[in-house]
Every structure is written in C-alpha cells, then in structure tokens.
Amino acid sequence: MEILRVENIRRVYETQGKPVHALRGISFSVKKGEFIAVVGASGSGKSTLLHILGGIDRPTSGKVYVDGQDVYEQNEEELAIFRRRQVGLIYQFYNLIPVLTVEENITLPARLDGRRVNRERLAGLLKELGLVKRRKHLPGQLSGGQQQRTSIGRALFNAPAIVLADEPTGNLDSRNAEAIMQLLRSANRTYKQTTIVITHDREIAMMANRILEIQDGRLIRDEVIG
Amino acid sequence: MRVIFTITLRELKKSRKRTLMTVLTIILSVSMMTVVLCGAWSVLGFLQEKEKAYGGDYEYSISGLSCKQMEQLAGMENVADVSAIEFIGSSFYGEKGNKSLLAIAGVNDRFIQNFALEPYLLKGRYPVNENEIALSTDFLEANGLPLSVGDTLSLSIGKRIWDEIDAELYGLTNYMGELESFHAVCEKEYTIVGILSDMNDSGVARSFNAFTAIDSSEEEANLTAYVTCTKISKDIYEQAEQNAAALETEVLKYHSELLMYYGVTRGKGALKISLAITMVILLIMAASAAMISNILSISLQERLKALGMLSSVGATGRQKRASVAFEAFLLGAAGIPLGLMAGIGLTAGLLSIIRKCFQTMFTFGRVTLILRCHVLILLLCSGAAATALALACTSPGRIAGKVTVIDVLRQTSIYHLDKKIRNRNIVSLFFGVYGALASRNIRRNPKRFRAITGSVMAAVILGLSLYSFADFMIYQASMDIGEDGSCYYDVFLALPAKELPDVVSALAKNHISADISYFYERYMEADFAEEEINPGMSGYFFGGEKNTAEIYVIGLDEDHFISLCEENGIDAAKYHTTDSRGILFNNATGNYGRNPNKIITGAPFRLQDGTVLNLRYDETSVPAVTIMNVLEGDHAKIYSMAVRDRAVLVVPLSCFDSFMDEEDYVTVIMNTPLHKEAKECLSDMGYFQVIDIAAQTENSRQVFLLLKLAVCVFVTFMTAVISLNVCNTVSHTIYMRRNEFAILCSVGMSEKGLKKTLLIEAALYGIKALMIAEPVSLLIHFMMYRFISDAMNPFVFYVNWRAYGIATAAAATIIVAEMIFSMHGIKKLEIAQELKKDG
C-alpha cells in the first residue's frame with residue numbers, strides 16, 4: 001500500500017540574489033512499512049527533501065501525497081494538523097521544548113490536538129525507550145541519548161503515517177547511536193512504521209531495506225537492499 | 001585586548017537595530033531623569049525668586065532693635081545683609097476714614113532692594129532721609145490732593161487706638177470708626193520725593209502706603225531687621241537664635257516659605273510635601289536606571305553565544321569581561337550626552353509652553369520662569385546612568401567570563417528553571433498545553449521576567465502616584481467650586497454692618513450689578529444629651545458628660561435665607577416668627593472618629609426637627625434657637641461660606657438683633673460677573689482686604705489644569721519610554737525563542753496556537769505586574785493623601801478607581817500590543833531554516 005508519493009518536486013532558494021537549486025525534480029513513492037535511508041554528500045539536498053516531506057518547507061514546484069492526500073493543497077492551519085497527526089520528525093539536535101518534561105514533550109502532538117493522552121501508550125513507550133525514571137525530567141537534565149530517545153518518543157506517540165529522521169545519530173556516541181537505530185528499526189518492524197532516515201553513516205544505511213541517494217538535488221539511486 | 005574591542009565594535013555594528021534601540025533607550029531614560037530634575041530645579045528656582053520678590057529676600061527677622069543693634073547684627077555670623085523697617089506712625093488726612101488713612105514706614109535702602117519695592121515707584125525716587133516721603137497715588141487721588149514730586153506735605157503723626165485699649169492699630173487695617181481714636185505724637189513736614197502704585201501684592205510692605213527713611217540718630221529700639229544670610233543651611237535656625245540672644249532680644253520670625261523652597265524647613269506639612277515630591281523623583285530615577293540596566297543586559301544576552309565562541313579560541317575571562325565593559329562604555333558614551341542634551345532641550349521646550357501662564361498666575365509677570373540647570377544635575381543623571389550601565393554589565397560580564405561554547409549550545413546558562421515544575425497549575429487547567437507553555441516560559445528567565453513586569457509596574461506605580469498627587473491637589477482647590485465649575489461666590493470682604501448701604505450704592509453707581517448677601521457668623525457652644533450625639537463622631541464633643549460641642553452659627557440676611565430654604569425644599573414661612581428658628585447643616589469633617597489619626601466626615605448630632613438649642617456665645621447665653629430642619633450630607637455651598645470642620649446652623653439675621661449692632665462686622669459675599677471691577681471699586685472705597693475669589697479660583701484652576709497637563713504629558717512620555725523597554729525585552733525574548741517556535745510548528749502547533757501561547761504569556765506578565773503594582777500604588781496613594789491632607793485642608797481619603805482602571809487597561813495594552821507586534825517576527829518564521837540551527 002502506497003503511503004507516500006513524491007512527484008517531480010523542485011526547491012529553489014534565493015541566497016544573496018542568486019538562485020540555489022536544492023532539489024531538481026525528485027520523484028519516488030514509498031510503501032507502508034518501508035525503512036528507507038536517504039544518503040548523499042553534504043549539501044546534496046537531503047534535509048531539504050525531508051523538510052518538504054514533513055510539511056515544514058513548501059516545494060517550489062511538484063506534489064507530495066501522504067496517504068493519498070496532496071500535502072501542499074492544504075492551508076497553513078491544515079498543514080499544522082498534518083504535521084501533528086501524519087508526520088513524526090526526529091532531528092540531529094533533538095529540538096525538544098526546554099520547559100516541558102520528558103513525558104510532556106512526548107505527548108505534545110497529542111495535546112496540541114486537544115486529545116486526552118493515552119496513558120497506557122505513554123507508559124509503554126516510556127518503557128520501551130528506557131525513560132521511565134526520567135519521565136519528569138527536563139531536557140536540560142538528560143544526556144544526549146536520552147534526549148534523542150525522547151525525540152523519538154514524540155515522533156512515534158501519535159502513530160503517524162511516516163517518521164522522518166534527519167541524522168538522528170549525528171550527535172551521539174556509537175553505543176547510543178546503535179541503540180537509537182535499534183529503536184527505529186524495532187518501531188518499523190513491530191508497528192509497520194514507515195521510516196525515512198537521512199544518514200551519512202554507511203552502517204546505518206545498511207540497516208534500511210531501501211536506499212535513496214541524492215546528489216546535487218537529483219535522485220541518482222533508488223535501490224532495494226536486504 | 002585591541003582585537004577584543006574590534007570584535008565588540010563589529011558586533012555592535014552588525015546588530016545595528018539592536019544597538020540603536022539600546023542607545024535610544026539610554027537617551028530616553030537619561031532625558032527623563034534630566035527633565036524631571038531640571039524641571040524641578042527650574043520651578044524651585046522660580047518659586048524662590050517669586051517668594052523673594054513678593055515676600056522679601058530674607059531668611060529671618062528680629063524685632064525691637066535700635067540702629068546700633070542693627071549695625072551689630074550686620075557684622076554677625078552668616079549675615080550678608082540687613083533690611084530694616086520701622087513703623088513711624090499713622091496719620092489721617094482730612095476727615096477720618098479709610099480713604100484718608102496713611103500708614104508710614106521708615107526703611108533703609110537695603111529694604112527697598114531686598115523687598116523689591118522699585119517696581120512700585122511710579123515717579124521720583126525713594127527717600128534717603130527722614131524728611132522725605134514717598135506715598136501712594138491712591139491716597140493722593142482719594143483725598144483729591146494735587147501733589148507731586150517736590151511738593152511738601154504736613155502731617156500729624158501718631159497712633160491709632162482701638163476701643164480705648166492702648167493697642168496700636170498697625171498699618172492699613174480698615175478704619176474702625178467710633179471704636180478708634182487717634183493720639184497725635186508729632187507734627188512733621190515732608191518733601192514728596194516719590195509717588196508709588198498700589199502695593200497690595202507686596203509682602204511686608206503692603207501694610208503701608210507711605211515710606212520715609214529711617215532716622216539713624218534715633219536711639220529707640222523699634223526697628224525690625226530682616227536678615228539675608230550668606231549661606232542657607234539647616235544651621236540658620238541655631239545661628240538666628242544665637243544672634244537674637246546676643247542682641248538680648250527674643251523676638252524672632254523665620255521666612256518659612258522661602259526656607260521651604262531652599263529645603264531648610266521645620267514645618268512638618270511643608271516637609272511632607274517635599275518628601276512626597278522627592279519620593280516621586282527618586283522613583284522616576286530608579287525606573288530610568290532599571291530600564292538602562294535591562295536594555296544593556298538584553299544586548300549582552302544576544303552576544304552570549306559569540307562570547308562562548310571566543311572562549312573556544314582562547315579568550316580569557318578577563319578579556320571577555322573587558323568586551324562586555326567596552327560595549328557598555330560605547331553605548332553609554334553615545335547615549336548619556338545625547339540624553340542630557342535631549343533632556344535639557346525638552347525641559348526648555350516644556351518651560352516655554354507653560355512660562356507665560358505660570359508667570360501670570362503666580363507673579364503677575366514680575367518673575368521669569370527660566371531654565372535652570374545645575375552642574376550637579378548633569379552629574380547626577382550621568383552618574384545614575386553610568387552606574388546602571390556598570391551594574392548591568394556586572395552579571396553578564398561574570399557569565400561571559402565563565403561561559404563555554406557547550407554551555408551556550410546546551411542553553412544550560414540561558415534556560416534554567418529553579419523551581420520544581422508543577423505538572424498542572426490553574427493556567428494549564430484552563431488553557432491546556434498553551435497555558436502550560438506560557439506559564440513556564442515566564443518563569444524560565446527570572447531576569448527577563450523582572451525586566452518586563454518591573455517595567456510595567458514602574459509605569460503603573462509612577463503614573464498612578466503622579467496622578468494621585470495632582471488629583472488631591474486639584475480636589476483641595478475645588479472644594480469651594482460648584483458642579484458647573486464656577487465658585488459659589490465671587491467676592492468676599494468683611495465690614496461694619498452700617499457701611500453696607502454705602503457699598504451697595506457705590507457698586508450701583510459704577511454699574512456693577514451684584515447679588516449681595518451678608519451675614520454675621522460666630523462660633524457658639526451648646527450641651528447635648530447622650531441620645532443627641534452620634535457615637536461614631538464622639539471626637540467632635542468635649543466637656544465630658546455635658547457633651548459640649550461647637551457649632552458655627554450664621555445669621556443670614558432675610559432674602560438669602562428665603563433662597564436657601566427654597567433651594568433645600570424648605571417652607572420659609574415656618575421661619576417667619578418672633579422666636580429664633582434655624583436650619584442645621586449636620587455635617588463635619590475632622591479627626592472625630594474613634595481613631596484620632598483618621599479624618600472622617602459625618603453627622604455629629606442625632607437631632608429631630610423641633611429640637612431647641614440653648615446656645616452660648618463667649619460664656620453668654622443667646623436666645624434659644626429651634627431647629628426646624630436638620631439637613632445631612634455635603635452641602636458644599638454652605639460649607640464654602642462657613643467652615644468644614646463644624647456643623648453649621650443658619651438662622652435669619654434678625655435672630656442676632658438682641659446682641660449685635662451696626663458697628664459689628666458682617667461678612668459680605670457677592671456674586672457678580674464683574675468681580676475684578678467690584679474689587680477695584682471696593683479698594684477705592686478704602687477696603688483693603690477684599691478677596692476676589694473668582695479670580696483666585698480661576699488662577700487655581702489654571703494652575704491645576706497645568707499641573708494635570710504636565711502630569712499627563714510626563715506620564716505619556718514615561719509610558720512611551722517604558723513601552724520601548726518592554727518592546728525591546730519582549731522582541732528580544734521572541735527572537736531568542738525562534739528555534740523553539742520552529743520546533744513547536746514542526747510538531748503541529750499552528751500560527752494561531754503560537755499566538756494563543758504568547759497572548760496567555762502576555763496576560764500572565766500583566767497580571768503578575770499588576771498584582772504588585774496596584775497595591776503599591778494604593779499605598780503611595782494613601783501616603784500622598786496623608787502628606788497633602790496634613791499640610792493643607794483635611795479631607796476624607798478617597799480613591800479614584802477610574803484612574804486605576806485606566807492604568808490597568810494601559811498596562812494590559814502595552815504588553816499585549818508588544819506581544820502582537822513581536823508576533824510579526826513569527827509570521828516570517830522559516831521553520832526549516834530555524835530547525836537547521838543548533839538551538
């Protein structure tokens with residue numbers, strides 16, 4: 001079942017009066033439950049692609065369909081709801097809200113939706129993430145690995161259509177990085193969570209079952225592995 | 001170190017907008033301090049000059065001195081100058097009466113200078129010896145004397161004796177008629193050397209209408225010396241007493257008003273007013289300094305990351321602190337001089353607007369309101385600003401010295417929450433996650449919180465304090481003014497009852513139509529039974545069990561008594577009887593309650609219509625008065641004629657027939673649009689103590705309108721400055737949280753949700769600020785009330801709740817407006833770009 005379809009998206013930035021072509025007509029589709037690694041050199045357009053898929057950055061042209069819905073046909077209010085319900089984003093630098101505790105950060109998308117927090121799901125997620133004892137702590141009181149796990153929890157809590165991770169292990173030591181990737185892999189296998197990960201790490205890329213390679217804003221390789 | 005300064009300079013140039021805002025805030029804060037101090041100094045200087053011009057340039061006076069003692073006094077400690085005056089005597093020219101009365105003073109040349117008598121000289125000069133005289137043109141015209149400079153005048157000089165008691169009638173009190181006799185002492189021929197104008201607005205000199213020089217050969221000790229001191233300080237009192245003791249005299253008076261304007265006073269009332277004004281000035285200076293401190297710390301906060309980077313390349317703590325100090329120095333060097341100049345310019349502008357009005361009201365144009373600026377003021381303002389800057393960079397400097405890159409990236413030194421996070425509070429209960437975010441954000445940076453709430457508190461407290469001061473002063477001035485803004489009566493004087501027909505015909509002759517009412521008034525006593533007194537006003541009564549009380553009794557002319565009845569819905573016919581009947585206005589204001597320190601207003605008596613009052617006047621019983629009507633509440637018109645601290649009993653004038661006669665004085669009040677003409681007419685008739693209430697009221701009204709205008713302008717200016725500070729702080733806060741806003745957007749918070757969070761934050765800032773500001777303002781409001789009520793006419797404490805409502809609305813508007821303005825920045829938020837930044 002197709003969960004994501006990207007049609008000929010282009011993204012051009014204006015930098016000091018000169019156009020920068022970050023993406024030059026990328027098209028692909030993703031089935032539900034796939035674990036995809038997006039690789040490419042620095043500045044190739046990987047993060048730009050991720051932001052467009054996540055509803056954060058509008059493409060200059062092209063279409064993005066998530067679960068059959070044209071993402072950029074929506075207005076700003078609808079896009080916000082889309083980001084809340086359909087997408088889970090994980091960043092290299094965690095990007096947690098500093099004044100909210102671990103469990104508040106994790107449940108933030110649900111609370112923004114005005115829904116009651118599913119305490120059972122939260123408890124399960126905290127256990128799985130190894131954050132039960134840290135649930136009342138602020139981000140400033142956590143290690144890097146713990147912060148990233150909180151970020152993963154936030155991305156997974158609402159069971160979104162797709163999880164997008166931008167270099168999730170870029171700021172972690174190898175042990176934590178492995179643990180994080182195991183979590184993502186586990187969520188992918190257990191919940192059939194479609195996951196797209198940007199990474200420089202070959203080993204992490206090999207954990208995926210499909211690789212997309214971006215170079216100079218173009219998709220040069222789309223390969224199923226393993 | 002040079003490279004550090006270069007980096008600092010470039011950082012300031014890079015953040016041009018922030019730098020300009022910082023310098024602008026410093027300029028405005030310094031100019032606010034300068035305006036307040038320069039303005040106060042200029043007005044104080046004006047009041048000093050005005051008092052010298054009208055009251056005399058002296059600090060204390062000693063009476064009963066001889067010429068020899070005068071010379072001794074001139075050589076004593078801290079004596080710069082001695083002005084002398086001597087009452088030579090009175091004289092009547094032609095038929096005795098007010099018009100013919102001459103009061104002659106002997107003065108020295110210092111008196112003429114220090115009491116500013118030169119402007120009154122119409123022709124000629126002042127006398128230089130005891131055979132010369134300068135006299136008023138009014139006297140010459142009233143007596144039809146065609147004399148001028150160079151002519152001679154022979155006078156019989158002596159004493160006016162009143163009522164066969166050997167007590168001298170001094171100066172120009174009204175002619176006392178048959179009660180007065182004249183004892184001639186000598187005959188003297190004077191050469192007229194000067195003609196003078198009316199001296200009614202002069203101080204000491206207004207009691208005289210003729211001046212000669214002091215006879216230095218006289219040995220009698222009857223001179224009054226007015227001492228001008230070399231240096232005015234608190235030691236004056238001790239020095240004056242020592243000087244008087246050295247001259248073996250105890251008679252000593254101080255020029256209290258002038259000394260008050262020099263800040264050297266023993267008067268508690270004046271001291272309290274001075275304290276109130278000083279307090280307001282200090283509050284303004286503190287608020288200005290706090291704003292400077294805040295704006296610099298904002299500027300430094302934005303550079304904290306760069307300072308962390310400097311650490312990573314090897315800058316020492318000392319070098320980083322130097323960077324912070326250099327920034328403060330540059331901003332101060334730019335802002336402080338400009339602020340001083342702006343402040344002086346603004347003061348000059350404000351003074352030029354109010355000058356003409358001010359001078360005319362206070363001094364009839366004789367004293368000029370000029371800009372005065374002491375070098376100490378400039379030093380004080382500069383010093384306060386520099387101190388604020390120095391204190392502002394102490395903490396960031398210390399942090400800058402210690403901060404590392406990692407600290408900044410992890411935001412551990414920027415964001416910290418000291419207190420335990422409560423998962424749920426009232427705000428999050430009502431507003432969910434938006435409320436939770438808002439309530440925690442305001443607590444995350446205590447300094448920022450204090451800056452925003454402190455600014456709002458300062459604006460509210462200062463605004464309400466200034467408004468209270470002006471409001472109470474205007475209330476004082478308006479106590480005798482009707483609801484339509486006009487005073488209850490226009491002209492006031494006292495004269496013997498038998499002269500009233502002359503006054504009426506003189507006014508008619510001059511085509512001055514006036515509604516004239518007249519009355520006798522006396523304080524009388526009566527005793528009351530326990531059930532007749534209001535226990536809540538027990539302080540009104542004395543005499544133990546007798547419950548004696550004083551009542552102000554007015555015997556009003558028949559026509560106006562009838563009018564009074566009609567105005568109050570009373571049947572005047574009830575009063576047309578042979579026995580005495582009256583209307584009791586049962587209201588008094590004073591320290592009459594159980595708490596002797598609290599002024600209350602209320603009805604002292606519990607009397608029914610028909611109660612008979614047995615009054616006593618001067619231990620003599622007067623005919624009993626039956627109270628036909630008891631009226632309670634504030635009948636302002638009656639109390640403006642009478643007194644406010646006593647109940648007032650109004651009876652028809654005929655009730656006084658049995659113990660008053662036509663020689664007794666009546667109080668005459670007139671209502672006429674031609675009040676100035678009426679006063680002139682009465683002065684021409686020789687009545688010297690005519691009060692033009694209408695003119696005074698108009699003056700007071702204009703003064704206080706000016707005061708209110710000045711307060712409004714100042715409060716607006718101050719609010720603008722404080723708004724700028726809040727705007728700066730808020731916009732900085734929003735700027736520093738752009739990454740966080742991007743995160744919230746990325747997890748699905750809509751723009752509407754962001755605005756909601758910020759508005760809740762704004763509301764919390766406002767509520768927290770007002771929760772402190774309003775009680776503090778009420779406290780200051782009460783202190784202002786005590787100062788003014790103790791110093792002037794006592795009145796009951798009240799609160800102008802409308803002002804509090806306006807202040808609350810203004811504070812809320814400031815914060816919400818700043819938040820909404822700052823949200824424009826969020827509209828331009830590029831989520832992707834902000835998320836790429838590492839926090």
Side-chain angles (χ1 to χ4, degrees), chain A residues 11 13 22 47-48 50-52 54-58 75-101 103-105 107-114 117 135-141 144 147 151 154-155 157-158 160 164 166 171, chain B residues 406-407 409-424 428 431-445 736-757 761 826-827 829-839:
Chain A
R11 184 66 173 100
Y13 296 107
S47 294
T48 308
L50 206 79
H51 289 147
I52 288 172
I56 290 169
D57 196 8
R58 279 184 185 270
N75 61 28
E76 290 301 324
E77 184 78 18
E78 288 163 342
L79 260 182
I81 295 169
F82 165 77
R83 287 196 291 268
R84 215 182 277 172
R85 295 179 187 168
Q86 304 279 56
V87 174
L89 278 156
I90 304 165
Y91 300 96
Q92 182 178 357
F93 289 101
Y94 330 130
N95 283 341
L96 298 173
I97 303 297
V99 296
L100 298 179
T101 60
E103 62 180 21
E104 286 170 341
N105 266 290
T107 58
L108 182 58
R111 294 165 87 200
L112 286 172
D113 233 5
V117 170
R135 62 194 299 164
K136 300 287 185 193
H137 287 229
L138 296 167
Q141 297 165 313
Q147 288 189 62
S151 178
R154 183 177 67 191
F157 186 77
N158 261 357
L164 304 167
D166 189 350
N171 216 29
Chain B
I406 295 299
D407 280 340
L409 288 178
R410 284 186 179 165
Q411 304 168 354
T412 49
S413 61
I414 298 172
Y415 301 129
H416 69 277
L417 286 157
D418 293 330
K419 299 173 188 172
K420 192 180 166 186
I421 298 293
R422 281 172 295 172
N423 280 338
R424 303 183 96 189
S428 59
F431 299 105
V433 65
Y434 306 103
L437 282 167
S439 64
R440 290 185 204 176
N441 276 324
I442 66 168
R443 282 185 278 147
R444 70 202 284 180
N445 191 327
M736 293 292 277
R737 285 161 58 192
R738 286 172 73 84
N739 176 258
E740 193 181 311
F741 294 137
I743 297 169
L744 287 167
C745 284
S746 76
V747 296
M749 186 177 271
S750 61
E751 192 182 302
K752 216 164 120 185
L754 274 180
K755 281 184 188 170
K756 189 174 171 183
T757 308
E761 230 176 279
I826 295 173
K827 273 193 173 162
L829 192 67
E830 292 198 16
I831 303 171
Q833 296 304 320
E834 290 299 329
L835 289 173
K836 280 179 189 170
K837 295 174 189 171
D838 53 2

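Numbers restart at 1 for each chain; the letters A, B, ... are given by sequence-line order, proteins then strands.
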Out of A/L96, A/D166, A/L112, return the one with the most heavy atom pairs under 4.5 angstrom to chain B. A/L112

Once you round to the nearest 0.5 Å, how far does CG of A/L79 lie from CD of B/E751? 12.0 Å

Between CG of A/L138 and CZ of B/R440, what distance do you get to the nearest 0.5 Å? 7.5 Å

Test your reading of the model: is there a side-chain donor-acceptor pair from A/R111 to the backbone of B/G432, 3.5 Å cut-off? no

Smallest separation among heavy atoms of A/R83 and B/M749, with atom names: NH2-O, 4.2 Å

Return the option, out of A/I81, A/D57, A/L100, with the maximum number of heavy-atom pairs under 4.5 Å with chain B. A/L100

From B/S746 atom OG to A/R154 atom CZ, the distance as rounded to the nearest 0.5 Å: 6.0 Å

If you round to the nearest 0.5 Å, how far is CG of A/L89 from CD1 of B/I743? 11.5 Å

A/R85 versus chain B, the contacting section by heavy-atom distance below 4.5 Å: neither

Specify the closest pair of heavy atoms between B/S750 and A/R84, including all atoms of both residues, with the distance to one decimal. N-NH2, 4.2 Å

